[in-house]
Undergrad: 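Please see the structure below; I have some questions.
Lettering of chains follows the sequences in order, A, B, ..., and the numbering in each one begins at 1.
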Number of protein chains: 2
Amino acid sequence: MDDPRWLDETEMAAWRGFVEATNLVARRLERQLKEDAGLSHTQYEILVQLSAVPGGSLRMTDLADRLVTSKSGLTYQVTQLEKAGLVARRSCPSDVRGVFAEITDQGWAVLRAAAPGHVAAVREALIDVLTPAQLAALADSLGTVSDRLRAADS
Amino acid sequence: MDDPRWLDETEMAAWRGFVEATNLVARRLERQLKEDAGLSHTQYEILVQLSAVPGGSLRMTDLADRLVTSKSGLTYQVTQLEKAGLVARRSCPSDVRGVFAEITDQGWAVLRAAAPGHVAAVREALIDVLTPAQLAALADSLGTVSDRLRAADS
DNA sequence: ACACCTTGGTTCGAATTTGAACAACCGGAG
DNA sequence: CTCCGGTTGTTCAAATTCGAACCAAGGTGT
């Protein structure tokens, strides 16, 4: 570990900003969703992902990958959502092991009810704070970061 | 909740990128630190914050604020670090209720040993993936986000 | 001195997360 | 066909997180 390249001032600012903004935003949205919709951010994201795909259902592994969470964590949350009636498990015809998570009508209703407040909170915390140019740059940079990390994992 | 302002394409890309990059980076660093140094990111951050301040000690509340975590969460982690000998609790002379968390010599040693690998991981995941201009923009944007959220909380 | 409201930290219980271990299954090489 | 490495989803125990309740101690105004 000889003489690592430490971060210069800008790099450090970017990193600290990333860590801090990350935590603050996550915290804020977690609270907003819990209070206004009774959902955790993870649960909300599950509904969003399912709602965004034709058929409203995804394989567990696929869903876990999109959510960037562990398989076991997803199993737990899908079970919670299933108990609440917002999601249903459906077995996969072509693969006995496979399980589809599918958003239910009630899940759609809850999602539709929660979305406006959530979007407003996202705007308040992140979007409306930045200029369109900053947003475009942010989308580009973070998209690159995500792509690289995804590639590195596979 | 009449007719909320939904996110346009760029805004959505920025938000999705934020969520995804956030999770991917956090996940990656959590694993790196755990494997290479036996520390969680939270614990590492505690050591970093303490090491960055003259005297190497901070009040619990102050530390919790910097870490963007709950008071109870900090109590737990400081206790863990105390058991490991990396941090010590010290009472505050001017306020009986007050408690200082102070980094120990062993804490310094662990931090120094962990830092190079952590910095390398941060570079790999975020810093070296972006151009200097992107980094500067990122630092600026996320700094703004953090400042706004901090202000909103107080 | 006396209420009273705020602060600082810890404790407690409930919810969540993770990785490792597991059991069952798929699919291709030989 | 059969074997075997890789997949799929779940279960399990352990670690972590949070918020609410709590106790004790400041600090203020009267």
Side-chain angles (χ1 to χ4, degrees), chain A residues 22-24 26-46 57-84 87-102 153-154, chain B residues 22-24 26-46 57-84 87-102 153-154:
Chain A
T22 274
N23 289 334
L24 286 167
R27 197 173 188 64
R28 168 66 62 102
L29 292 183
E30 198 70 48
R31 192 152 43 82
Q32 182 271 321
L33 276 173
K34 192 70 77 181
E35 286 178 359
D36 296 351
L39 294 172
S40 68
H41 193 206
T42 305
Q43 295 172 334
Y44 182 84
E45 280 297 313
I46 291 176
S57 72
L58 285 170
R59 288 286 290 272
M60 295 295 281
T61 297
D62 192 356
L63 189 48
D65 185 59
R66 296 185 188 220
L67 292 180
V68 191
T69 190
S70 64
K71 290 182 300 173
S72 52
L74 179 64
T75 292
Y76 175 78
Q77 284 298 2
V78 165
T79 301
Q80 297 308 109
L81 288 171
E82 200 173 23
K83 285 179 188 168
V87 156
R89 271 186 236 250
R90 182 185 289 284
S91 56
C92 174
S94 63
D95 187 336
V96 186
R97 299 167 303 174
V99 173
F100 281 106
E102 179 176 22
D153 281 338
S154 57
Chain B
T22 273
N23 289 334
L24 285 167
R27 197 172 190 61
R28 169 67 60 103
L29 292 184
E30 197 70 47
R31 192 151 43 83
Q32 182 270 322
L33 276 171
K34 192 70 77 181
E35 286 179 358
D36 296 352
L39 295 172
S40 67
H41 193 208
T42 306
Q43 294 171 334
Y44 182 84
E45 280 296 312
I46 291 175
S57 71
L58 286 169
R59 290 286 290 270
M60 293 296 281
T61 297
D62 193 355
L63 189 48
D65 185 58
R66 297 186 188 219
L67 293 181
V68 190
T69 190
S70 63
K71 288 185 302 172
S72 51
L74 180 64
T75 293
Y76 174 77
Q77 284 298 0
V78 165
T79 302
Q80 297 307 109
L81 288 172
E82 199 174 24
K83 285 179 188 169
V87 156
R89 272 185 235 252
R90 185 182 288 283
S91 56
C92 174
S94 63
D95 187 338
V96 186
R97 300 167 302 174
V99 173
F100 281 106
E102 179 177 20
D153 282 337
S154 58

Undergrad: Please produce a list of atom pairs where a protein N or O lies less than 3.5 Å from an N or O of nucleotides 16-19 of chain D.
TA:
{"residue": "D:dT16", "atom": "OP2", "partner": "B:Tyr76", "partner atom": "OH", "Å": "2.8"}
{"residue": "D:dT17", "atom": "OP1", "partner": "B:Thr42", "partner atom": "OG1", "Å": "3.0"}
{"residue": "D:dT17", "atom": "OP2", "partner": "B:Gln77", "partner atom": "NE2", "Å": "2.7"}
{"residue": "D:dC18", "atom": "OP1", "partner": "A:Arg27", "partner atom": "NH1", "Å": "3.1"}
{"residue": "D:dC18", "atom": "OP2", "partner": "B:Thr69", "partner atom": "OG1", "Å": "2.9"}
{"residue": "D:dC18", "atom": "OP2", "partner": "B:Ser70", "partner atom": "N", "Å": "3.4"}
{"residue": "D:dC18", "atom": "OP2", "partner": "B:Ser70", "partner atom": "OG", "Å": "2.9"}
{"residue": "D:dG19", "atom": "N7", "partner": "B:Ser72", "partner atom": "OG", "Å": "3.1"}
{"residue": "D:dG19", "atom": "O6", "partner": "B:Ser72", "partner atom": "OG", "Å": "2.9"}

Undergrad: A:Tyr44: which residues meet the ring-ring contact (aromatic ring centres under 6.0 Å, His included) condition with it, sequence neighbours left out?
TA: A:His118
Undergrad: So, OP1 or OP2 of C:dG9: does either fall under 4.0 Å of a side-chain N or O from B:Arg59?
TA: yes
Undergrad: A:Lys71 has an atom NZ; how far is it from atom P of C:dC22, in whole Å?
TA: 14 Å
Undergrad: Which whole-number value in Å describes the distance from A:Glu82 CD to D:dG9 P?
TA: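 About 14 Å, once rounded to whole Å.
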Undergrad: Let me know the distance between CD of B:Glu35 and P of C:dA20, rounded to the nearest Å.
TA: 8 Å
Undergrad: Got a sec, which residues hit side-chain contact (heavy atoms from CB on, under 4.5 Å) with A:Leu67, two or more places apart in sequence or on another chain?
TA: A:Glu45, A:Ile46, A:Gln49, A:Leu63, A:Thr69, A:Leu74
Undergrad: So which one's nearest nucleotide on DNA chain C is more toward 5', B:Met60 or A:Asp95?
TA: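 Comparing both residues, the 5'-ward one is B:Met60.
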Undergrad: Taking salt bridge (charged side-chain N to carboxylate O under 4.0 Å, His left out) as the definition, give me every residue that meets it alongside B:Asp36, ordered by chain and number, with sequence neighbours left out.
TA: none
Undergrad: Dump every N/O contact between nucleotides 5-7 of chain C and the protein below 3.5 Å, one line per pair.
TA:
{"residue": "C:dT7", "atom": "O2", "partner": "B:Arg97", "partner atom": "NH1", "Å": "2.2"}

Undergrad: List in chain and number order the residues that pass side-chain contact (heavy atoms from CB on, under 4.5 Å) with A:Asp65, two or more places apart in sequence or in another chain; answer none if no residue qualifies.
TA: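 Residues passing side-chain contact (heavy atoms from CB on, under 4.5 Å) with A:Asp65: A:Arg150.
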Undergrad: On a heavy-atom basis, which atom in A:Ser40 and which in A:Gln77 lie closest, and how many Å separate them?
TA: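 What the structure gives for the nearest pair is OG-NE2, 4.1 Å.
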Undergrad: List for me each residue that meets salt bridge (charged side-chain N to carboxylate O under 4.0 Å, His left out) alongside A:Asp62, sequence neighbours excluded, and say none if there are none.
TA: A:Arg66
Undergrad: With sequence neighbours left out, what residues match A:Ser72 under side-chain contact (heavy atoms from CB on, under 4.5 Å)?
TA: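 With neighbours one apart ignored, the set is A:Ser70.
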Undergrad: Using distance only, find each side-chain donor-acceptor pair of residues 87-98 of chain B under 3.5 Å and give its atom names and separation, not counting sequence neighbours.
TA:
{"residue": "B:Arg89", "atom": "NE", "partner": "B:Glu82", "partner atom": "OE1", "Å": "3.1"}
{"residue": "B:Arg89", "atom": "NH2", "partner": "B:Thr79", "partner atom": "OG1", "Å": "2.5"}
{"residue": "B:Arg90", "atom": "NE", "partner": "B:Glu102", "partner atom": "OE1", "Å": "2.5"}
{"residue": "B:Arg90", "atom": "NH2", "partner": "B:Glu102", "partner atom": "OE1", "Å": "2.7"}
{"residue": "B:Asp95", "atom": "OD1", "partner": "B:Arg97", "partner atom": "N", "Å": "2.9"}
{"residue": "B:Asp95", "atom": "OD1", "partner": "B:Arg97", "partner atom": "NE", "Å": "3.2"}
{"residue": "B:Asp95", "atom": "OD2", "partner": "B:Arg97", "partner atom": "NH2", "Å": "2.9"}

Undergrad: What's the CZ-P distance between A:Arg89 and D:dG9, to the nearest Å?
TA: 10 Å
Undergrad: Can you check the A:Leu39 CG to C:dA15 P distance for me, whole Å?
TA: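 From A:Leu39 CG to C:dA15 P: 15 Å.
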